[in-house]
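Everything quoted here is computed from the prediction, not taken from an experiment. These numbers come from the heavy atoms of this one structure, side chains and all, not from hydrogens, waters or symmetry mates.
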Amino acid sequence: MELRYLTAFVAVAEELHFGRAARRLQMAQPPLSQQIRQLEKELGVQLFERNTRSVRLTSAGDSFLGPVRTVLRDLDLATRAVKAAGRGEFGRVTVGFAGASSHEALPLLTRAVRASHPGIELVLAGQTYANTALARVAEGTLDLGFVRLPARRPGVRTRVIYEEELICALPSDHRLARQERIALADLAQEPFVTFPANAGSSLRDAMTEACEKAGVVPRVTQEAPDSHTILALVAAGVGVTLTLTSVQHVQGTGLVYRPLDGDPVRLHAALAWRADNPSAALRTVLAVAEEALPTPPGCVAE
């Protein structure tokens with residue numbers, strides 16, 4: 001059964017006049033009459049009672065009209081939906097994130113997307129650390145990931161969204177808490193609290209690298225899955241940690257933050273996505289992110 005037959009049927013049923021229905025459909029009357037006859041033949045019923053002066057629906061035609069209108073309306077909705085999806089107005093985008101630093105940026109992005117494109121669903125995958133997020137973007141199981149540079153994977157593009165600095169977090173009653181700056185060498189015998197070694201945390205990698213450059217092997221005695229827990233453990237006196245300037249708001253009581261001695265260790269937080277990802281919704285989210293999370297001056301994508 002052809003769609004044009006159903007469209008012709010509705011036009012005639014609503015006009016109850018073949019001439020007016022033909023003009024409405026911008027076609028000649030004979031082809032319209034032929035389509036109605038073909039439809040009746042396929043259904044095996046008469047849809048209209050017609051003579052030289054009037055046209056009216058049969059009982060079969062009247063019962064057929066409602067379902068056909070529903071079919072045509074649903075088809076129109078489906079057509080408009082798929083066109084909107086092609087423009088990036090609808091769809092689903094999976095986003096991987098972890099850590100307190102992304103918790104600051106993530107709400108800015110989600111609110112902006114919800115306000116400007118409510119038809120796009122952001123599926124948020126928490127506890128997806130930077131290195132893991134990068135790997136999942138590269139393999140295609142995430143559309144978008146919060147990562148830290150360097151983030152070099154074939155086919156993956158990045159854009160910096162903010163710059164952070166590595167700092168030291170100490171219990172407020174720690175022997176070094178009164179110092180203005182902390183030398184990493186002074187932490188050689190301290191217990192460290194940090195992310196699990198196999199979690200894919202770029203912050204743990206940065207901490208280890210900075211300590212090793214200072215000739216220190218961090219003695220990790222406690223691991224925790226997120227910055228909130230790590231900083232709470234530090235405040236409780238379990239150990240010290242190296243964290244980022246962006247998380248200083250997380251824990252205040254019982255804790256002090258101090259810059260590191262020497263040249264600052266800077267990390268760049270970024271968004272990562274596959275360049276060949278065909279999702280129109282992802283392209284829309286990336287455009288929104290340009291406004292919600294602009295690249296700081298002087299920073300460029302890898």
Side-chain angles (χ1 to χ4, degrees), residues 93-106 108-109 122-167 184 194-214 217-218 220 223 225-227 241-247 260 262-302:
V93 176
T94 56
V95 183
F97 71 98
S101 55
S102 62
H103 289 176
E104 188 172 308
L106 184 64
L108 297 175
L109 178 60
L122 295 182
V123 181
L124 306 178
Q127 298 298 323
T128 307
Y129 297 98
N131 293 337
T132 302
L134 178 61
R136 290 191 58 190
V137 167
E139 69 187 19
T141 58
L142 278 181
D143 294 311
L144 189 64
F146 283 82
V147 304
R148 288 194 177 90
L149 304 187
R152 299 184 181 91
R153 289 292 183 102
V156 174
R157 294 187 61 188
T158 60
R159 183 178 65 80
V160 177
I161 55 175
Y162 50 85
E163 186 177 64
E164 304 170 283
E165 186 175 320
L166 205 61
I167 57 175
L184 288 174
T194 189
F195 293 95
N198 60 351
S201 168
S202 61
L203 177 53
R204 175 161 180 157
D205 292 346
M207 181 194 78
T208 301
E209 183 179 351
C211 287
E212 288 178 350
K213 284 183 178 179
V217 177
V220 177
E223 296 179 334
D226 56 73
S227 291
T241 194
L242 297 189
T243 188
L244 297 164
T245 47
S246 62
V247 306
L260 299 177
D263 294 334
V265 179
R266 292 190 173 90
L267 285 80
H268 292 95
L271 294 175
W273 66 96
R274 281 194 65 90
D276 61 358
N277 190 320
S279 170
L282 172 62
R283 292 195 296 273
T284 298
V285 170
L286 289 172
V288 172
E290 291 273 0
E291 298 291 330
L293 300 170
T295 299
C299 296
V300 296
E302 286 197 320

Nearest heavy-atom neighbours spanning [X] and [Y]:
| X | Y | answer |
| --- | --- | --- |
| L184 | A210 | CD1-O, 3.4 Å |
| A270 | L149 | CB-CD2, 3.9 Å |
| A130 | S202 | CB-OG, 3.3 Å |

Can you tell if the side chain of [X] reaches within under 4.5 Å of the side chain of [Y], non-hydrogen atoms only?
| X | Y | answer |
| --- | --- | --- |
| L109 | I161 | no |
| R153 | V137 | no |
| P218 | L242 | no |
| L144 | L122 | no |

_Taking side-chain contact (heavy atoms from CB on, under 4.5 Å) as the definition, give me every residue that meets it alongside T132, ordered by chain and number, with sequence neighbours left out._
T128, R136

*asked:* Which residue in the set L267, L134, V160 passes side-chain contact (heavy atoms from CB on, under 4.5 Å) when paired with R148?
replied: L267

*side-chain contact (heavy atoms from CB on, under 4.5 Å) with W273: which of L282, V156, L142, V147?*
L282

Reported [atom1]-to-[atom2] distance for the pair [X] and [Y], which is rounded to 0.5 angstrom:
| X | Y | atom1 | atom2 | value |
| --- | --- | --- | --- | --- |
| E209 | R204 | CD | CZ | 14.0 Å |
| L293 | F146 | CG | CZ | 6.0 Å |
| H268 | E164 | NE2 | CD | 9.5 Å |
| F195 | D205 | CZ | CG | 11.0 Å |
| T245 | E163 | OG1 | CD | 8.5 Å |
| L244 | I167 | CG | CD1 | 7.5 Å |

*Which residue pairs pass the salt bridge (charged side-chain N to carboxylate O under 4.0 Å, His left out) test with at least one member in residues 285-297, sequence neighbours excluded?*
R159-E290

*Side chains of D143 and T94: donor-acceptor distance under 3.5 Å anywhere?*
yes

Verify, without hydrogens or angle tests, whether [X] (side chain) and [Y] (backbone) share a donor-acceptor contact under 3.5 angstrom.
| X | Y | value |
| --- | --- | --- |
| S201 | L203 | yes |
| T158 | A272 | no |
| R274 | A138 | yes |

*Just jot down the salt bridge (charged side-chain N to carboxylate O under 4.0 Å, His left out) partners of D263, sequence neighbours excluded, or say none.*
none

